[in-house]
Structures are given as structure tokens and as C-alpha cells.
Amino acid sequence: MSTEHTPHSTDTSDAPAPGGGTAAVAPAVGSDSPFRQERIARDEAPQFVLPLVVRIEKTEPPARTDALETAARAVLVLLTDERSAGEGEWARAVHDWQDARIRKVVRRARGAEWRKAGTLPGVTVRGEESEVRVFPPVPLDGWPKELAKLQVSGTDLDDPEPAGPPEAGLPVLWLNPDLDMSAGKSMAQAGHAAQLAWWELTGAERAAWRDAGFRLAVRTAARERWAALAGSGLPVVRDAGFTEIAPGSCTVVADHPALRARL
């Protein structure tokens, strides 16, 4: 499921990420967010996509919520992998991807397809019962053949039982209750939200989240709470509208305790 997003603040959908300070003293909070650049610069830059593959075996598919949470964690694991930083082998691809629109595509695999995907450079992240492999960004028209043939549509999953309340103190990615998104689309949107939250955290806050294994929860917001969440000042994902939903739809609110404390 292909998706991209633009960030949202309470006043404009293309506002730069909040943060202050000067580069001479310390990087501003969110200073590594590509959305500090002008929109036209992002649009004119070469476009890349972050591939994610979820393992869905026919007889034992993962639960939907666990898959969404695992996908969101996978994005954060890729961003913080040593190969994505400095002179790492993925650093240029990650940099170029973040300079443009941060597109993500979620595909599914099982059996031999999953094993072949595992031979490509990437990181496999495991949840309670789900597995998601994330790969360094690739050009829109430059997919490895092992991934290009995987199915992108029809990626849907169910929860055997409704997900309970999130654990106190966990970052929560709140899904819009009024949007009907497939599991693949929701996984990509949850990944966007986790990335937006990451950009807004300080170095110490990022380190604490990383040391905790990027624990988080994904839940659907109650309808009566959604408007307040979307207008709270927390990071909100707005979808570009290429698939499933209308352009500009608010899909997920990233409710990280450290960000909420600043409101």
C-alpha cells in the first residue's frame, strides 16, 4: 500500500516542524525534518520510497494491531540503524528519501517470498506475533525484483479481540475513527506518525525511546476525542490521497508523552 504524507500543524498543513535554537549551539528540535524546507524543494527532489514487507502466512496471519505497531517500530529502527547515519551504507539513501516526500509502501509476503525478501539488506522487526522487514529507501522506479513482484493490494488483517486500552506512559498513535483504511495503508500511516514524533523529540527523549525498544501503541481514537486530538498541536499525518482516502485527510495523531508535556 503506497502512501506519503505532509505534516500538519494547527495553522497550515505544510508548516515547518516546530523547534527553536541555533545551529551554532545545538540542533533545533525537529531540525532534521525535511519539512523545514520549502515545499517546492521537496517536490522537485528525486523521489524515493521506503519499502516495508509484512509476513502474512495463509494459516497464521498476525493480528492487525500488532502488525501496525510493529511497522511503526520498524520505521524507527531503520532511522536509527548505524547504517543510516554518517558514512553508513544506507545514509545517502535515507537522506535523499527524507529530502523528498517520505513515501512508504507496505507489501506482503509468505513462504519462499518472505525468505527471499530476507536476503536483501534490511532489518526485520518482530512484534508479539508479527514480523515486518524494512529496507533502505529505493527510487520509485528502482525496486529490487524480489520486492517488486510482491502484492501491494489487499493487505488486510483482523484483531481476534478488540485491543485494550494502551499502557499508561506509552506513546500512542491514534488512528482517525472515521477513515476506513486497509491494514497496509494503516501500517504506512502509523509509520509516518512515528517518524513525525521522532523528528520532534530532543536527543535525550530520542535516546530514552530507543533504549525502551521504541515501545508504542496503535489505537483507533474514540470519535468524541478525535477532533481534540487532531487540533491539540501534536503531530498529525495528512495523507496525499493517492490511495484509499481523500487528499488532505488527517489519518493519525502521534501522541508521545514528551510532546504532550509541551502543549
Side-chain angles (χ1 to χ4, degrees), residues 3-19 28-30 32-33 35 63-77 79-80 102 104 125 127-128 132 159 162-181 183 185-239 245 248-263:
T3 184
E4 67 174 71
H5 89 289
T6 55
H8 170 68
S9 70
T10 54
D11 55 350
T12 173
S13 62
D14 285 303
V29 175
D32 53 350
S33 168
F35 299 108
R64 181 186 178 97
T65 295
D66 188 48
L68 267 61
E69 292 172 350
T70 304
R73 289 174 47 233
V75 172
L76 297 170
V77 168
L79 289 173
T80 56
I102 56 169
K104 297 178 179 70
V125 178
E128 291 185 4
V132 175
D159 282 317
E167 181 182 327
L170 275 189
V172 183
L173 309 178
W174 295 106
L175 301 173
N176 186 335
D178 295 319
L179 296 178
D180 184 16
M181 298 185 290
K185 179 76 169 181
S186 298
M187 290 169 71
Q189 297 295 307
H192 290 336
Q195 192 166 358
L196 287 184
W198 178 257
W199 280 332
E200 299 303 319
L201 297 174
T202 65
E205 291 162 350
R206 290 179 175 186
W209 200 10
R210 183 176 59 245
D211 292 346
F214 294 122
R215 295 184 65 223
L216 54 82
V218 177
R219 297 290 188 272
T220 299
R223 281 187 167 84
E224 60 270 19
R225 287 194 62 206
W226 175 251
L229 283 166
S232 66
L234 292 166
V236 181
V237 178
R238 279 185 180 269
D239 191 64
I245 57 178
S249 297
C250 296
T251 58
V252 192
V253 173
D255 190 356
H256 191 290
L259 301 181
R260 179 167 285 281
R262 297 179 198 151
L263 299 179

For Asp239 and Ser249, run side chain to side chain donor-acceptor pair (under 3.5 Å): C-alpha distance rounded to whole Å, both residues' side-chain angles, the deciding distance at 0.1 Å, then the answer.
CA-CA 5 Å; Asp239 191 64; Ser249 297; over 6 Å; no
Are any non-hydrogen side-chain atoms of [X] and [Y] less than 4.5 angstrom apart?
X      : Y      : value
Val125 : Leu76  : no
Met181 : Asn176 : no
Glu200 : Pro235 : yes
Lys104 : Gln195 : yes
Phe214 : Thr80  : yes

CG on Asp255 to CG on Leu216, rounded to 0.5 Å:
12.0 Å
What is the distance from atom CD of Glu128 to atom OG1 of Thr65, rounded to the nearest 0.5 Å?
10.0 Å
What heavy-atom pair brings [X] and [Y] nearest, and what distance separates the two atoms?
X      : Y      : answer
Cys250 : Trp226 : O-CZ2, 3.6 Å
Gly213 : Arg73  : O-NE, 3.4 Å
Ala217 : Pro166 : CB-CB, 3.8 Å
Gly233 : Leu263 : C-CD2, 4.0 Å
Ala72  : Leu173 : CB-CD1, 3.8 Å
Ala183 : Arg64  : N-NH1, 3.4 Å

Using the side chain to side chain contact (heavy atoms under 4.5 Å, CB included) rule, pick out the option among Val253, Leu229, Thr251 that qualifies with Val236.
Val253
Passes side chain to side chain contact (heavy atoms under 4.5 Å, CB included), Val132 versus Met187? Steps please.
CA-CA 10 Å; Val132 175; Met187 290 169 71; 4.0 Å; yes
Suppose we screen for side-chain hydrogen bond (donor to acceptor under 3.5 Å, both in side chains). Which residues come up paired with Arg215, at least two apart in sequence or across chains?
Glu167
Give the C-alpha distance, both sets of side-chain angles, the deciding distance and a yes or no for salt bridge (charged side-chain N to carboxylate O under 4.0 Å, His left out) between Glu69 and Arg219.
CA-CA 9 Å; Glu69 292 172 350; Arg219 297 290 188 272; 3.0 Å; yes
Full working for side chain to side chain contact (heavy atoms under 4.5 Å, CB included) between Val237 and Leu196
CA-CA 8 Å; Val237 178; Leu196 287 184; 3.8 Å; yes
Backbone of Ala63 reached by a side-chain donor or acceptor of Asp159 within 3.5 Å
no
Using a 6.0 Å distance limit plus a 45 degree cone around the ring axis, check whether Arg206 lies over the aromatic ring of Trp198.
yes
Is it the case that the side chains of Glu205 and Thr202 hold a donor-acceptor pair, with the cut-off being a distance below 3.5 Å and no angle test?
yes
Mind checking whether Trp209 and His256 have ring centres under 6.0 Å apart?
yes
List the steps and the verdict of side chain to side chain contact (heavy atoms under 4.5 Å, CB included) for Leu175 and Leu179.
CA-CA 8 Å; Leu175 301 173; Leu179 296 178; over 6 Å; no
Check this for me: Asp180, atom CG, are more than 12 non-hydrogen atoms of other residues, nucleotides or ligands nearer than 6.0 Å?
no
Run the side chain to side chain contact (heavy atoms under 4.5 Å, CB included) check on Val218 and Val252 step by step: do they pass?
CA-CA 9 Å; Val218 177; Val252 192; over 6 Å; no
